[in-house]
Amino acid sequence: MKVLVVGSGGREHTLCWKLGQSPMVDKLYCAPGNAGIAGVAECVDIDVLELDKLAKFAVDNAIDFAVVGPEAPLCAGLVDVFKAKGIKVFGPSKEAARLEGSKDFAKQFMLKYNIPTAKAASFTAATPAEEYIREEFAGGAEGIVIKADGLAAGKGVCVAENEETAIEFMRSCLDGVFGDSGSQVLIEECLFGEEASILALTDGKTIVPLVSSQDHKRAFDNDEGPNTGGMGAYSPAPVVDAVTMEVVNSQILDNFLKGIQAEGLDFKGLLFVGIMVNEHGPKVLEFNVRFGDPEVQAVMCRLESDLLDVMLKTAEGRLDEAELVWSDDPAVCVVMASGGYPGSYEKGFEITGLEEAEGEGAVVFHAGTSFKDGRIVNSGGRVLGVTARGGDIAAAIANAYAAVDKIHWQGCFCRRDIGFRALARQK
Ligand code: AMP
Ligand code: GLY
């Protein structure tokens with residue numbers, strides 16, 4: 001089969017790496033890809049938002065199956081465009097992608113289908129929003145969460161500990177800092193506890209969770225510093241114990257499936273549920289309609305089944321026939337980032353030690369890398385996802401960092417405590 005993956009990040013490198021292991025793949029393309037993806041797929045220079053060009057490429061090259069990685073093309077309707085051209089595709093329709101593309105749409109969906117989540121209210125004007133924030137704090141709230149309604153590249157959420165911060169962020173959203181994405185804001189009860197990520201495949205008839213995982217969103221050790229796209233992940237996440245998973249299945253995933261069926265949403269792809277777990281059980285923080293990055297790096301390193309077979313069955317509405325076999329070994333992904341990320345950073349520095357790192361038994365997934373004069377250089381904020389398995393979580397962490405320590409470029413940094421919550425729960 002000829003397969004096209006759309007995207008250029010660590011997620012897409014991971015998917016290409018895993019898909020490329022399938023004996024069913026004759027040719028793998030990735031648009032636009034990156035320097036690491038170039039090692040496992042043929043990169044095609046088309047941007048993820050050039051929907052018509054992507055469709056033309058797929059038709060001209062007789063692509064049998066397309067996998068859309070990131071949220072932006074999903075929300076822009078790439079799946080619908082591919083389908084209109086008769087291309088088989090993995091991913092939700094534009095309408096279903098609103099579950100990630102509009103936080104208000106997602107919240108209304110959760111409430112309608114009894115999916116446990118934080119209380120929230122939606123506003124398009126600052127004065128009533130401000131009144132609501134003040135009332136919440138006057139009522140004893142210890143914090144409040146302000147969310148720009150639309151996609152904002154991970155920057156549209158502020159967890160505010162006081163009124164002033166909340167009001168300022170709310171106003172900046174409504175004033176257009178995030179463009180149209182912030183013309184509506186969701187103001188949400190602040191939940192406390194431990195976060196985890198649940199990735200689940202669905203074909204609209206069946207929903208199947210993958211193994212659990214946990215991200216580390218803050219830039220620096222001990223969860224300090226600004227929020228990022230994710231500085232590292234591991235799987236499984238022990239916070240998602242059997243009791244929690246039972247609630248995830250019965251109250252979140254089953255109700256999600258009933259909801260998309262009742263609403264007639266065409267969703268044949270991957271649902272990512274961000275949850276907060278505390279003594280009251282798990283509650284949904286967000287839906288995403290694509291694989292989490294860097295969660296997918298850790299999760300895919302544990303998948304022993306043929307990913308192409310599983311994705312094809314999902315796209316064809318035969319997910320109930322798919323078999324998912326997992327390694328018991330935990331996996332850990334440590335993200336290496338450019339100095340200054342998530343703020344501004346310099347690009348173009350040569351990355352050394354990549355082969356030595358893989359010699360340590362790790363897999364090095366590329367995110368922001370490109371070629372310059374035949375060398376691999378950093379070209380984005382998150383640059384590499386160094387991923388390793390181990391007999392237990394401590395061994396997986398040690399293996400991942402042994403590989404990280406072989407890699408260098410000017411200014412690179414990573415967190416040194418990825419997996420600390422899992423280690424603490426082991427003791
Ligand atoms: P979202 O894009 O909605 O997941 O928000 C991004 C991050 O903000 C989440 O991963 C959480 O760390 C945090 N967050 C979102 N909603 C809440 C909430 N209701 N309570 C506490 N933290 C939240
Ligand atoms: N790791 C969080 C995300 O992919 O949104």
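Residue numbers start at 1 and run along the sequence shown. Counting starts at 1 for both ligands and their atoms, following the listed order. Computed from heavy atoms alone, side chains included, the values below leave out hydrogens, waters and symmetry copies.
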Worksheet item: Hey, are the side chains of Phe220 and Met231 touching, using non-hydrogen atoms and a 4.5 Å cut-off?
Response: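 No, side chains not in contact.
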Inspect the contact between [Y] and [X] and indicate whether a charged nitrogen and a carboxylate oxygen are less than 4.0 angstrom apart.
X	Y	value
Glu188	Lys103	no
Arg425	Glu194	yes
Asp104	Lys147	no

Worksheet item: Hey, is ligand 2 close enough to Asp293 that some N/O pair sits below 3.5 Å?
Response: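 Asp293 vs ligand 2: N/O contact under 3.5 Å present.
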Fill in: Leu285 neighbourhood, listing ligand 1 atoms whose heavy-atom distance to it stays under 4.0 Å
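Counting atoms of ligand 1 from 1, those under 4.0 Å from Leu285 are 3 (O), 11 (C), 16 (N), 17 (C), 18 (C), 19 (N), 23 (C).
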Item to complete: Considering the heavy atoms of Glu195, write down every atom of ligand 1 situated less than 4.0 Å from one of them.
Response: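 With Glu195 as reference, the close atoms of ligand 1 come out as 9 (C), 10 (O), 11 (C), 12 (O).
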Worksheet entry | Name of the residue among Glu131, Glu136, Glu130 meeting salt bridge (Lys or Arg N to Asp or Glu O under 4.0 Å) with Arg134 |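 Looking at Glu131, Glu136, Glu130, the match for Arg134 under the salt bridge (Lys or Arg N to Asp or Glu O under 4.0 Å) is Glu130.
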Worksheet item: Heavy atom of Lys103 under 4.0 Å from ligand 1?
Response: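 A heavy atom of Lys103 does come that close to ligand 1.
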Worksheet item: So is Cys190 in contact with ligand 1, going by heavy-atom distances below 4.0 Å?
Response: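 Yes; Cys190 lies near enough to ligand 1 that a heavy-atom distance drops under 4.0 Å.
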Worksheet item: Do you know which of Lys107, Lys283, Glu189 makes side chain to side chain donor-acceptor pair (under 3.5 Å) with Thr117?
Response: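 Looking at Lys107, Lys283, Glu189, the match for Thr117 under the side chain to side chain donor-acceptor pair (under 3.5 Å) is Lys107.
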Worksheet item: With a cut-off of under 6.0 Å to the ring centre and 45° to the axis, is Arg98 in cation-pi contact with Phe105?
Response: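 Output yes; distance and angle both within limits.
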Fill in: Glu246-Gln251 side chain donor-acceptor pair, cut-off 3.5 Å
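Looking only at side-chain atoms, Gln251 and Glu246 do not form any donor-acceptor pair under 3.5 Å.
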Could you list which atoms of ligand 2 come closer than 4.0 Å to a heavy atom of [X]?
X	answer
Gly229	1 (N), 2 (C)
Asp215	1 (N), 2 (C)
Glu295	1 (N), 2 (C)
Gly292	4 (O)

Practice prompt. Would you mind telling me which of Tyr113, Phe256, Phe272, Phe267 makes a ring pair (Phe, Tyr, Trp, His ring centres under 6.0 Å) with Phe287?
Written response: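 One option only clears the test, and that one is Phe256.
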Worksheet item: So which bit of Val157 gets within less than 4.0 Å of ligand 1, heavy atoms only: side chain, backbone, both or neither?
Response: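 Contact part for Val157 vs ligand 1: side chain (C-beta onward).
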Fill in: Part of Glu189 within contact of ligand 1 (heavy atoms, under 4.0 Å)
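Backbone only; the side chain of Glu189 stays clear of ligand 1.
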I'd like to know if [X] contacts ligand 2, where contact means a heavy-atom distance under 4.0 Å to any ligand atom.
X	value
Arg11	no
Ala233	no
Pro294	yes

Discussion item. side-chain hydrogen bond (donor to acceptor under 3.5 Å, both in side chains), that's the test. Do Lys18 and Gln21 meet it? Break it down for me.
Written reply: CA-CA 5 Å; Lys18 191 68 196 165; Gln21 293 170 10; 3.3 Å; yes
Worksheet entry | Nearest-option assignment for atom 15 (C) of ligand 1, heavy atoms, candidates Glu188, Lys217, Lys147 |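 Shortest heavy-atom distance from atom 15 (C) of ligand 1: Lys147.
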Which residue holds the protein heavy atom closest to [atom], what is that atom called, and what is the gap in Å?
atom	answer
atom 3 (C) of ligand 2	Arg290 NH1, 3.4 Å
atom 14 (N) of ligand 1	Val159 CG2, 4.1 Å
atom 4 (O) of ligand 1	Glu286 CD, 2.6 Å

Item to complete: Could you list the residues that satisfy side-chain hydrogen bond (donor to acceptor under 3.5 Å, both in side chains) with Lys205, not counting sequence neighbours?
Response: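 Checked Lys205 against side-chain hydrogen bond (donor to acceptor under 3.5 Å, both in side chains); zero matches.
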Worksheet item: Can Ser235 and Arg302 be said to form a side-chain hydrogen bond (donor to acceptor under 3.5 Å, both in side chains), step by step?
Response: CA-CA 8 Å; Ser235 170; Arg302 299 184 58 209; 2.8 Å; yes
Worksheet item: Should Leu191 be counted as touching ligand 1, given the test is an N or O pair under 3.5 Å?
Response: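 N/O-N/O distance under 3.5 Å: yes.
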